[in-house]
Amino acid sequence: MNLSQLNEMQRKAVRTTEGPVLLLAGAGSGKTRVLTYRIAYLIESCGVDPWNILAITFTNKAAAEMRDRVDAAAGQQAGRVWVSTFHSACVRILRAYGSRIGYTSSFSIYDTDDQKACLREVCKRLEIDTKKLNEKTILREMSRAKDELMGPEEYAAAAGSDFRLKQIAGVYTEYENQLKKNNAMDFDDLICKTIELFSREPEVLESYQDRFRYIMVDEYQDTNTSQFRLISLLAGRYRNICVVGDDDQSIYRFRGANIYNILNFEKAYPGAAVIRLEQNYRSTQTILDAANAVIANNTERKPKKLWTENAKGDKVHLTVYADGRAEAGGVASQIQSLVRDGWTYNDIAILYRTNAQSRALEERFVVEGIPYRIFGGVNFYARREIKDVLAYLKAIDNPDDEQSVRRIINVPRRGIGDVTLDKISRYAAAGGSGLTFWAALKKAREIPGISARTAGKTEEFVSMMEFLADFASAHSVRDTVDMVVERSGYLIAAAENETKEEVESRKENLNELMTKAAAFDEENSPASLSGFLQEVSLVADIDQLDESAPTIAMMTLHSAKGLEFPCIFITGMEEGLFPSYMSIVSDDPKAVEEERRLCYVGITRAQKELFLSAAKCRMIRGETQYNKISRFLKEIPRELLALDDRSDSWDDPDLYERAAARQNRLAKQQEREEMTIGKRTGSRLLKLYGTPLKEPYHSSSVGVSFEKRLQDYRETQKPAASSRVKPEAAWTSGPAFGKDPSELTAFRKAADGPGYGTGDRVCHARFGEGTVKAVEDTPRDYMVTVDFDEAGTRKMMAGFAKLRKI
DNA sequence: GCCGCCAGTATTTTT
DNA sequence: TACTGGCGGC
């Protein structure tokens with residue numbers, strides 16, 4: 001096989017196929033390329049059956065990219081290589097063998113919300129006061145325990161006599177029981193239940209060990225203990241395990257990633273080959289120098305130094321703004337000038353520490369007409385209507401899933417409230433592990449304390465669900481989704497209580513879900529509902545990044561890992577924001593190191609141009625904060641930086657410090673005054689640093705009040721009134737609607753029919769022209785069946801469809 | 001059982 | 001600022 005396109009180290013990595021290999025791949029060093037070549041090399045030059053190769057990534061996106069590249073490099077055979085994320089690999093194994101540890105193949109997967117809901121139930125049952133023992137703490141502890149492969153018994157044993165820990169152990173035990181009863185697993189379970197399966201059923205493990213003779217793991221620095229264990233188990237027989245990672249890019253320790261997996265790989269696998277990829281092909285020399293300079297301040301890392309043969313390139317652009325609003329404006333104008341220079345919008349990405357920072361930028365971009373897309377924030381699958389409909393589907397597919405049944409039993413309102421649900425829940429719990437919530441629900445009439453009237457309602461619900469389950473067993477996933485929406489009356493109820501826009505956006509999202517269902521139907525035959533739900537549960541927003549869209553990309557620094565763009569902006573480089581307040585005040589001095597790695601990840605996303613910015617003050621959570629510039633900026637050698645002329649009074653490099661000192665004196669004085677009159681002083685942050693900048697820079701002086709000057713200043717900065725468009729408007733592109741009830745009248749059912757009848761030709765905004773096949777009279781609206789010329793036959797509510805007779 | 005108000009709370013989050 | 005959950009009134 002021709003490896004001439006690779007450098008020496010890369011070739012070595014490709015050719016070292018046998019035994020354990022640790023590949024330390026710096027940012028932009030072509031690790032995906034190496035992995036792809038390695039797979040192709042194994043197949044072509046070593047005669048390995050692709051069936052025997054497993055490549056594990058963390059994100060679906062990375063898996064898809066790897067899939068494409070392997071397909072391209074290794075030809076027809078490549079399809080048989082198993083390329084997958086940790087979680088979807090486990091789902092696949094558990095679907096096949098989960099019955100051995102007591103799950104059916106249609107087990108539900110619980111996301112954080114489901115987990116929380118379930119936990120709340122458990123706490124209620126155990127009469128645990130969640131004010132004293134906070135839910136988040138419990139979730140964090142349980143997740144940590146699972147990451148470390150501690151079951152409830154081990155956890156209880158380790159708790160010893162500590163009251164809180166013992167309490168948590170009790171909750172953990174009960175939570176596990178509940179999930180088991182629900183035939184459900186949370187994300188952590190997917191990994192540990194697979195391990196449990198392997199240890200309980202050695203022949204299952206052996207069959208996989210035998211299959212996966214060559215295993216590769218990407219982003220190894222982010223694996224946690226259980227993932228490491230899983231991989232070790234799989235590699236147990238052949239020990240051909242190649243892990244690829246960069247300890248400098250470990251940014252998920254807060255979620256349990258265990259950096260020692262990479263730092264101690266050589267101990268776990270004595271004799272492992274260690275290969276370093278240090279040549280960077282991505283960034284300019286200058287950008288790389290900046291990144292190296294920053295990361296050099298960390299102590300806990302494997303020593304390495306990235307180098308490049310790339311051109312020196314432009315200096316790193318640094319701009320310091322007066323406030324967050326000015327920053328948004330400055331970034332916008334920098335983007336416009338990049339576009340004038342010939343870059344396209346999709347060459348550009350903006351990275352920030354917290355999702356909340358996207359707001360200010362967004363508002364500005366709407367005004368300036370800069371097309372943008374935001375990744376992260378609310379995941380598509382986390383949107384309410386999507387979660388609701390998915391809960392219907394889960395409940396249909398796996399009625400034992402109490403969480404999903406509870407979620408939708410009263411959505412839309414069916415007069416089955418919490419009190420009834422609690423009675424059922426208690427009855428089920430009293431009936432032992434054999435009696436699930438669903439089984440109890442079916443017997444509601446026998447439960448003491450539930451009235452005949454209420455029982456009638458639950459029976460109606462049960463029969464609806466049974467109908468839907470029947471329907472699902474005989475129809476495609478797409479049609480099932482359609483039927484669920486219709487039969488549940490979901491949208492009809494939404495239309496009554498919500499604004500036009502809200503309903504429109506819900507409809508749009510549901511259409512999107514149907515598109516995804518249809519795609520799933522096409523790709524899988526037979527397409528099972530369980531399969532669809534399990535796939536959908538493992539999808540994150542960043543997976544949908546569409547590189548071809550002519551928009552700038554906006555995302556958190558975390559989401560940017562693994563991506564690259566010619567032009568990168570990192571905004572909000574201020575102490576307290578980045579590095580975050582939490583990391584600064586943390587008892588763990590290493591917390592800032594994780595932030596620094598995050599900074600390193602951010603900088604190394606850039607290929608050609610890097611723009612860094614800070615604002616002297618910004619609104620955070622409705623409160624204006626004055627922060628110092630980030631220590632990370634100071635770690636970049638001055639000669640690599642070019643101060644942008646948009647900067648707010650930065651003619652002298654030390655000005656900021658001197659100004660800060662002056663402000664500090666003023667602030668302290670003010671603080672003393674305030675203390676004497678007993679007023680609350682500054683935010684916690686200000687106290688922490690003792691250097692509050694109480695006023696904007698060039699406000700010279702005495703006389704006019706700070707507030708007044710700040711206000712004047714804001715007035716001059718304020719863009720046209722139209723900038724105050726709500727961000728959502730950017731998505732829906734249309735005038736914003738208020739909650740004026742008259743706007744809902746459009747949805748009220750017309751008394752004399754929808755204005756068209758069977759056989760009429762009609763036009764729909766999205767689906768085009770079609771012929772009306774049927775008009776059905778339902779209590780709230782007319783249900784119209786239209787055979788569209790292009791889009792096929794669809795059933796819709798007349799009130800929403802807004803069909804025009806032609 | 002439902003609805004609305006108020007108070008508390010707020011990093012990052014591949015799955 | 002913006003969302004969520006808990007609680008009290010109907």
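Numbered from 1 within each chain, the chains take letters A, B, ... in sequence-line order.
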Pair A:D588-A:S586, side-chain donor/acceptor within less than 3.5 Å: no
Gap between atoms CG and C1', on A:D147 and B:dT13 respectively (whole Å): 13 Å
Nucleotide nearest A:R621 (side chain, heavy atoms from C-beta), chosen from B:dC2, B:dA10, B:dT13: B:dA10
A:Y581 over B:dT11, stacked by centroid distance under 5.5 Å, angle under 30°: no
Euclidean distance, atom CD1 of residue A:I374 to atom P of B:dT13 [Å, nearest integer]: 13 Å
Salt bridge (Lys or Arg N to Asp or Glu O under 4.0 Å) involving A:D388 - partner list, sequence neighbours excluded: A:R407
Rounded distance in Å - CD (A:Q625) to C1' (B:dA10): 12 Å
Residues that A:R445 engages under side-chain hydrogen bond (donor to acceptor under 3.5 Å, both in side chains), provided they are two or more places apart: A:E459
Short side-chain N/O contact from A:N355 to OP1 or OP2 of B:dA10, under 4.0 Å: no
Of the listed nucleotides B:dT12, B:dC2, C:dA2, the one nearest the side chain of A:R359: C:dA2
A:R413 vs B:dC3: side-chain N/O to OP1/OP2 distance below 4.0 Å: yes
Separation of atom NZ in A:K136 from atom P in B:dT11, rounded to whole Å: 7 Å
Below 4.0 Å: OP1/OP2 of B:dG1 and any side-chain N or O of A:T420: yes
Any donor-acceptor pair under 3.5 Å from A:T458 side chain to A:A455 backbone: yes
Nearest-nucleotide 5' precedence on DNA chain B, A:G417 against A:D188: A:G417
Protein-nucleotide distance (A:N410, atom CG; B:dG1, atom P), rounded to Å: 8 Å
Phosphate-side-chain proximity, A:T556 and B:dT11, N/O vs OP1/OP2 below 4.0 Å: no
Sugar-phosphate, base or nothing in reach of A:F86, heavy atoms under 4.0 Å: nothing
Atom-to-atom span, CD of A:Q357 to P of B:dA10 - whole angstrom: 18 Å
A:S559 vs B:dT12: side-chain N/O to OP1/OP2 distance below 4.0 Å: no
Protein-nucleotide distance (A:R605, atom CZ; B:dT14, atom C1'), rounded to Å: 14 Å
Side chain A:E135, main chain A:K116, donor-acceptor under 3.5 Å: no
Rounded interatomic separation in angstrom, taking CG from A:D418 and C1' from C:dG8: 15 Å
B:dT11 base / A:R353 side chain donor-acceptor hit below 3.5 Å: yes
C:dG5 phosphate, OP1 or OP2, under 4.0 Å from A:R120 side-chain N/O: yes
